[in-house]
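Working notes, structure below.
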Amino acid sequence: MSTPKIHFEMLLGRMVRDPDGVAVGRIFAAHAEIEGGDCVLREFLLGPGALLERFGFPLGRWRPTRVPWDLLDIADPGHPRLRCSAAELAGRRP
Amino acid sequence: MRNAFSSSPAPSPVRRARGGLIALLLFLIACQPSSPEEQLLKTVQPVGSWLASLEMTGRKWSSNSVPASFVEAMTASAREAIGKAAEEAAKSSARPGLRDPLRALLAEAEEAGRDLRRAVDQDDRAGVARSVGRLSALHARFEALTKGAA
Amino acid sequence: MKKLDLTRDLLDMQVVGRDGTKMGRVDGLILELRGDLPPRVDAIEMGFAVLARRMGPRAERWLAKLRRWSVRRTASQRVPWSKVKAIEPHHIQIDLDALETPAFAWEIWLRDHFVAPIEGKREKSG
Amino acid sequence: MKKALALTLGIVTSIGGFLDMGALATSAQAGASYRFQLLWTIGLATLLVIFLVEMSGRFAAATRKALPDAIREHFGFTFWLVPFFVLSLSHLLVLGTEIGGICFALHLVSGLPTSFWALPVGVLLVTFLWRSTFNTIEDSTSLLGLITLAFVVAAVSHHPPMKDLLAGFVPTLTAEEPLKYWGIAVSIVGAVLSPYLFYFYSSGAVEDDWDSSFIGVNRGIAALGMGFGSVVAMGALVVAAMVLAPRGIAMDDYHQAALMLTDAFPFWGFLLFAVGLGVACLAASLEVALSMAYATAQTFGWNWGESLDPREDARFGAVYTGAIALSSLIILVGVDPLKLTLLAMATEAAVLPFVALPFLILMNDRKLLKEHANGWISNTVAVIVLLLALVLTVVSIPLALLGGGG
């Protein structure tokens, strides 16, 4: 059990930057799934949209930026880094 | 009001707005009574209400509506308030024509309050009736004086 | 497969012990980073130390000073995910007895030093 | 039957929240200085408070959660921390004024100085809270509270001129001494829209364990309970307008208010005022102390509940005990009750947005409330309250210090 552990709550409100330091948005929510008794993190939600969603507010045109877990490096909760460029992330989104 | 002007490095807009508003209100207050006469009238304004309260208290005691202890408390706070006004009046630079009769009246008012208290302590109903009459006369004079000047 | 919103459904939720006593809140979540596998919630954390950390480093140092007077063995408590029995909209059920956890140290201390002396052996009616 | 009895929660909330020291003092002050001109502020405040109380009750019934509970859960600890802290401070001040009110009432009947009563009253409050369950508090205070109807009886017996009375419900924008006028207006709204009202009511609903079947009843309770408080407050205003104003007595001191009822009830009036004030403030102190304990326990997820034995929720008990001790201290050192009241009401008004905004957001969370979420009417009112709250926050403190003080 040498796997690193981090405090999830310390991620909240942190600004996510891509490798070039471009700001993508702040983390306000994260979706997980229960599988086989485990609670597994699937994606992070960034930006004001994420905050609105968390408050259960009618979203309107504010949509959260969704980042799949494997695209976000959270080893240092203080400075979450995107594993791809902001542009790529924008491209991925439907 | 320190909190409003609190010297935090970067005051938020709200703070600044509140600070400004307080400043404005203070400004309004500060220059409301412009002349010393108006200032004097403002400081003695509550006295009218206190005279009325003392009169009512006296009457109510005579009709057994309030206990003596209440008269005691009422006269005490009245004397305090009137005394404060008297001090201010003494300092005032208003024209003697207004200030001196007011000061005389305030002195009388304090005395009348004391009389009421004494009369009640001695359960002297006639005395209470007398000071009630005196208080209402004082109140009328006070109104005439302040209204006339204003 | 049940979906969970970690901030909405888990963090800051009421934690209820085996016997139904309110034990505290989910003040923090420990994520286990598993390399190629998605991160997994390893434990829920409760306690003032966790809250202080959320408030920032200054608060954390400040609390560390206060700890001297605390009657609690630990300022925070980790409940492994395996102990989490149910995640309900109203609370989170865990398979622990509140009285056995440090979360209740203060409760018990107050009961012994503060309530009991004043209350005496009174039996509550109604 | 249980639902009918639930009305007591409304009444006690109203007596404690509406008829507290602040509301009575400001109503009397308004009547004494402006006769009926400020009736509209009580009317407005009542309307708003009914809606807000209904919302907090509906929320509790639909989610089985009290407000502080839900706010921490929903907005996270870091969001809630500051409002929680500020609210606790204002709660302490308010508790101080209420305890001051009880002490003043005792001073009236006993002749002993107000500060003399601070400690006995503090001890009495704590013992009462320790010994009693939530229901006994509800029933006893709402029963005792009926005494305050004396203000209404007195008001009616004075036959106030109907024309002026009705005119009073139309805001007057041109009053002499506008600063004082608006100062009192703000204080009245601030005194009525007390944050602890909503904490207490929603926590109370959870204690009485309401479920969604109470949502209908809750409307009636909110309207009746708050209506009761409102009528008494208006009664106080009218009596002051009929008794104090004509004699030229303004309220510079609580002693002057004590004369209010002696015209209508020559023999009992003085005692009735003292008892009425004492009861209202007693209910209010219990309410504030409890809602402070509720808010704290719920924020940290401790065991809470007035119906539990203090052994079962020692921390909950410790909070209200500590709060009462601190607040009694304020009175013990002999702070002028009227000044304290005005300050407390100003802080209450100032913290209102902290409560109103999260409240408004929560009430619109359809995932949480489903079909019970706010409709457009409630939302309009909530938004009005929010805007009003922001205005109050900006003006309350200066106005209370400069104008409201008279």
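Remember, it's a predicted structure, so these values are computed and weren't measured experimentally. Proteins get letters first, then strands, A, B, ... in listed order; numbering begins at 1 in each. Reckoned from all heavy atoms, side chains included, excluding hydrogens, waters and symmetry mates.
Of the residues considered (D:Phe75, D:Trp302, D:Phe316), D:Trp302 shows the highest number of contacts with chain C, using heavy-atom pairs under 4.5 Å. When each of C:Asp27, C:Val15, C:Thr7 is scored by its heavy-atom pairs under 4.5 Å with chain D, the top score falls to C:Asp27. Options C:Met55, C:His91, C:Arg8, C:Met13 differ in how many heavy-atom pairs under 4.5 Å they form with chain D, and the most are formed by C:Arg8. Note: C:Arg25 leads C:Gln14, C:Arg25, C:His90, C:Lys22 in heavy-atom pairs under 4.5 Å with chain D.
When heavy atoms are compared at a cutoff of 4.5 Å, D:Thr127 does not approach chain C at all. For D:Asp69, the parts sitting under 4.5 Å from any heavy atom of chain C are the backbone and the side chain alike. For C:Val26, the part lying under 4.5 angstrom from a heavy atom of chain D is the backbone only. Proximity to chain D involves both the backbone and the side chain of C:Leu51, based on heavy atoms less than 4.5 angstrom apart.
Aromatic ring centres of D:Tyr294 and D:Tyr196: separated by at least 6.0 Å.
Remark: C:Asp12 engages C:Arg54 in a salt bridge, criterion side-chain N to carboxylate O under 4.0 Å.
In this structure, the side chain of D:Thr63 engages the main chain of D:Lys65 through a donor-acceptor pair within 3.5 Å. A donor-acceptor pair is defined here as one N or O able to donate and one able to accept, closer than 3.5 Å; no such pair exists between the side chain of D:Thr136 and the backbone of D:Ser132.
Here the OG atom belonging to D:Ser307 is positioned 5.5 Å from the CG atom belonging to D:Asn135, to the nearest 0.5 angstrom.
Between D:Tyr201 and D:Trp210, the angle of the ring planes goes over 60°, which puts this pair in the perpendicular group of the 30/60° scheme.
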